[in-house]
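Below is one structure, written out as structure tokens; the observations come after it.
For ligands, and for the atoms within them, numbers begin at 1 and follow the listed sequence. The basis for the numbers below is simple: all heavy atoms, side chains too, and nothing from hydrogens, waters or symmetry mates.
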Amino acid sequence: MTGGGGTVGQLNVIRTVDGVRAAIAGWRRAGETVALIPTMGYLHEGHLALVDHGRRLCQRTVASLFVNPIQFGPTEDLDRYPRDEAGDRNKLQAAGCDLLYAPTVAEMYPPGFATGISVTGVSGGLCGAARPQMFGGVATVVTKLLLQTLPDVAVFGEKDYQQVLVIRRFVRDLDIPVRIEGAPTVREADGLALSSRNSYLTAAERGQAPVLFQTLTEAVGRLQEGGEVGPVLAEARARILAAGFSKLDYLELRDAETLEPLERTDRPGRLLVAAWLGRARLIDNVAVPEGKAQ
Ligand code: AMP
């Protein structure tokens, strides 16, 4: 056990900036490298794959658990976001994680906190348009987590594809000395991307949800065969709405690096979607290799 706060035999939990710095400094003195895996908890196999990814790259892994209030809009799901810290702790321990950093809101944003990181460019459109507060909140908290823990590597999931690009952007722009790793999306057997928010789905909605990924993969197939982007996307949008989703925030083909809109598949692209099913806003994305579409 390193530092106070944990129980013998259980993964150590640290809740303060000073505490996490001290624990990591001990590893540093021993010459060990460190990977950070930021999460909002209610962990599933997707999060644990990020821990695994970190463990392959570094000797020590730290997972953070922080439901970041400043990235939620006033009408969003901050209050009902699912939480299970005890379960998360057990899962992280079983996955071989070395430390859980779970700061309180007051520790992260003490009275008088007045600073924000804002990112333009890749933050625009897609989730940035549908959730205007999100990427500023994410950039601010991830900057703080990186400065609090000073890891060699930080691992993020490609399920939140735009988020990975936003993080790469400000890390480069602010000269933060950390390697950002993207890890592939972990899915259920029927293709649904694992998400803490899948817990909002009723049994009937859970049955409908895989249509999102099925539609994306079929659309990519049609683009690869030479289908025109506009009609292929229009049909995909219609199929998702016909399957029981109430609203699409977006379904768009974007450049895989810059997220600029793509009219044709003459460069590597990404097909990204956000859609509402019952109380859940589900997002997903797939790679679109260069194809024949004109
Ligand atoms: P969250 O707790 O939802 O904020 O996610 C924490 C991290 O886990 C983010 O980097 C996400 O992109 C990643 N993540 C969430 N779901 C998945 C998944 N199904 N596969 C891979 N990574 C994921």
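- At a threshold of 4.0 Å, the pair D249-R281 counts as salt-bridged, since one of the basic side-chain nitrogens sits closer than that to a carboxylate oxygen.
- A salt bridge does not link E45 to K91: none of the charged nitrogens lies less than 4.0 Å from a carboxylate oxygen.
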Could you give me the CA-CA distance, side-chain angles and deciding distance for R179 and D152, then say whether salt bridge (Lys or Arg N to Asp or Glu O under 4.0 Å) is met?
CA-CA 6 Å; R179 170 172 156 196; D152 300 277; over 6 Å; no
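- The pair E218-R239 meets the salt-bridge criterion, with a side-chain N (NZ, NE, NH1 or NH2) lying under 4.0 Å from an Asp/Glu carboxylate O.
- Checking each of T33, V51, V153 against T61 for a side chain to side chain contact (heavy atoms under 4.5 Å, CB included) leaves exactly one that passes, namely V51.
- Per-residue contacts place F156 under 4.0 angstrom from the following atoms of ligand 1 (heavy atoms of the residue considered): 10 (O).
- Among protein heavy atoms, the minimum distance from atom 21 (C) of ligand 1 is reached at P184 O, 3.5 Å.
- Salt-bridge formation is not detected for the pair R89/D84: no Lys NZ or Arg NE/NH1/NH2 atom is positioned less than 4.0 Å from an Asp or Glu carboxylate oxygen.
- Backbone and side-chain nitrogen or oxygen atoms of S196 are examined, and none is located within less than 3.5 angstrom of a nitrogen or oxygen of ligand 1.
- Remark: ligand 1 atoms within the under-4.0 Å shell around heavy atoms of M40 are 1 (P), 2 (O), 4 (O).
- Summary of contacts: the protein heavy atom closest to atom 1 (P) of ligand 1 is H47 NE2, 3.6 Å.
- Within the set V51, T39, V186, the minimum heavy-atom distance to atom 18 (C) of ligand 1 is found for V186.
- Remark: minimum distance from atom 13 (C) of ligand 1 to any protein heavy atom is reached at L50 CD1, 3.6 Å.
- We find that E76 and R131 are joined by a salt bridge, their nearest charged nitrogen and carboxylate oxygen being less than 4.0 Å apart.
- Of the protein's heavy atoms, H44 CE1, 3.9 Å lies nearest to atom 15 (C) of ligand 1.
- Contact atoms of ligand 1 toward L194: 16 (N), 17 (C), 18 (C), 19 (N) (distance under 4.0 Å to a heavy atom of the residue).
- The ligand atoms of ligand 1 that sit less than 4.0 angstrom from a heavy atom of D160 are 11 (C), 12 (O).
- Closest to atom 6 (C) of ligand 1 by heavy atom, among S64, P38, A154, G157, is P38.
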Name each donor-acceptor pair under 3.5 Å that joins a side chain in residues 106-114 to protein atoms two or more places apart or in another chain, with its distance.
residue: E107; atom: OE2; partner: V17; partner atom: N; Å: 2.8
residue: Y109; atom: OH; partner: N68; partner atom: OD1; Å: 2.6

